[in-house]
Amino acid sequence: MKGERVEVAVIGSGPGGVTAACALAEAGREVLVLEEGPEVPPGSIPTYSRGEMLTCYRNAGLTVALGNPKVAYVEGRCVGGGSEVNGGLYHRTPDAVLGEWARDYGLLGARPEQLAPHFEAVEADLGVTLEAGEPAPSSLRLAAGAEALGWSVVEVPRWFRQDDAGQPVRQSMSRTLIPRLRAAGGRVRADSRVTRVRRERDEWLLEGERLALRAKSVFVAGGAIQSPLLLRRSGLAPRAGKRLGLQTMTKVVARFSEPVTPRGSGIPVHQVKERGPRIGLGGSIATPEHVSLALIDHPGELPRACAEPERYAIYYAVVRGGRGSVQPLPGFRDPLVRYRLDERDLADLALGQRDLCQALLAGGAEALFPCWAGAPVVRGPDDLRRLPDSLPRGKANLFSVHLTSSCPMGEGTACVTDSYGRVHGCEGLYVSDASLLCEPPGVNPQGSVMAFARRNALRFLEARA
Ligand SMILES: Cc1cc2nc3c(=O)[nH]c(=O)nc-3n(C[C@H](O)[C@H](O)[C@H](O)COP(=O)(O)OP(=O)(O)OC[C@H]3O[C@@H](n4cnc5c(N)ncnc54)[C@H](O)[C@@H]3O)c2cc1C
């Protein structure tokens, strides 16, 4: 393998890396995608299962951002990255958020009308559509409750297509852009972790476990934790990982008087945007295993939940506040990830949790179990007063699946790349993943990751036409 050369190497096969790789390969470039994780044939592992966690998640899903409170987070680690395991809920970046990024980060070329063609392409590539059948009963309950309170609710489209038997199948990189990338001559190499990137004369040398490769251009697309780690370990981009954005969730388990999560019912698709983009409300996957885990702070409820799991559903309140960092630790494979939530963030989480409980009571829930140590059980409107005004630091049980903003793009001094993903001071080195988003977008981020990756890849091609 020593002496191998490619025109473009892409490090990481998640939505950001594969979107760029596909655009470049379809324009005739020689592209090799290097992916640390395994290649898992689509459909070979049940979705949202323990097997999926063991195979497709980094560290089997056991990762934490240190702080007070700590935030548990997960990253996909397989060909296709997070797209292989995620919920498939799609949003464009809200216009107001794009305005903030232009104002605060000097981000150029990202007005809503400039991004629209890229979002349209992503929507077509993934088959973004509203759920064909009736949404899950747990989703309808949240929507009904919020509507009864006069709050703004949206049914969020997802990336879904029907299979030959007419069954809806969640789309992912391995079902969409990776086959296209391969058809265009691009290659994906699994089980190939890059540990260092360095410049040698006019090329980049990529080193890793069983790997040495030269490339004219490199797109770093390892996701918001791994990309800054690789850049810093390589002695490139000293500002990479100095900041990190998480959309942080607190969960509530709800018990209803009849089944709301019948076997096979999908992920809830309704989200409450009344306080968006600062605070959002929605629903999570609620298999019996997920419900049991979420009830860890209410062990007395477990026997009933195990006996009648279909009466339980899991919901969340999510905030986009706080600030973190990703730092290499000498001698360790994983970085030190830290996250700090200030008083306002904890108050937002508490406010979101209270709103959520109010909406679920209005939607017919008979008992609510907020997921933090010592939380009261909420059985009626009077119990809402027992919820705190701020989530208690030592007891909060927080979680994130939306990791962003560790290598923000733009022309501002805090930015790691220019407005189109090129790492400052590094000819031919680009970032192409969720790290680039200047701040957490306040919505599910994969649509934003892909739209910016496509826009930046087309810009790269234009510059070399
Ligand atoms: C459980 C879950 C549910 C989610 N639900 C939604 C949702 O409903 N809607 C939505 O919009 N978003 C959702 N997300 C978030 C979404 O999946 C991510 O925003 C998206 O995957 C980020 O894409 P990315 O390209 O930045 O990185 P990733 O998807 O993280 O991909 C990075 C890839 O790079 C590989 N890699 C890392 N470092 C190296 C290295 N050094 N060498 C080689 N390879 C490397 C990793 O193994 C990984 O496969 C969810 C995420 C999770 C985990």
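Note that ligands are numbered from 1 as they come in the structure, with each ligand's atoms numbered from 1 the same way.
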For the side chain of Ser400 and the backbone of His402, is there at least one donor-acceptor N/O pair under 3.5 Å apart? yes
Side chain of Thr287, backbone of His290: donor and acceptor closer than 3.5 Å? yes
Can you tell which of Val8, Thr19, Leu181, Leu458 makes a side-chain contact (heavy atoms from CB on, under 4.5 Å) with Leu24? Val8
Between ligand 1 and the protein, which N/O pairs fall short of 3.5 Å?
from, atom 1, to, atom 2, distance (Å)
ligand 1, 5 (N), Gly87, N, 3.1
ligand 1, 8 (O), Gly87, N, 3.4
ligand 1, 8 (O), Gly88, N, 3.1
ligand 1, 8 (O), Leu89, N, 2.9
ligand 1, 9 (N), Leu89, O, 2.8
ligand 1, 11 (O), Leu89, O, 3.3
ligand 1, 11 (O), Pro445, N, 3.3
ligand 1, 11 (O), Gln446, N, 2.7
ligand 1, 17 (O), Asn86, ND2, 3.0
ligand 1, 25 (O), Pro15, N, 3.4
ligand 1, 25 (O), Gly16, N, 2.9
ligand 1, 26 (O), Ala434, N, 2.8
ligand 1, 29 (O), Gly82, N, 2.8
ligand 1, 41 (N), Val194, O, 2.9
ligand 1, 42 (N), Val194, N, 3.0
ligand 1, 44 (N), Glu36, N, 3.0
ligand 1, 47 (O), Glu35, OE2, 2.6
ligand 1, 49 (O), Glu35, OE1, 2.8
ligand 1, 49 (O), Glu35, OE2, 3.1
ligand 1, 49 (O), Cys78, O, 3.1

Could you check whether the rings of Trp101 and Phe452 sit parallel, tilted or perpendicular, using 30° and 60° as the cut-offs? tilted
Please check this pair: side chain of Glu7 against backbone of Glu30, looking for a donor-acceptor N/O pair closer than 3.5 Å. yes
Test: Arg459 cationic atom under 6.0 Å from Tyr420 six-membered ring centre, within 45° of axis: yes
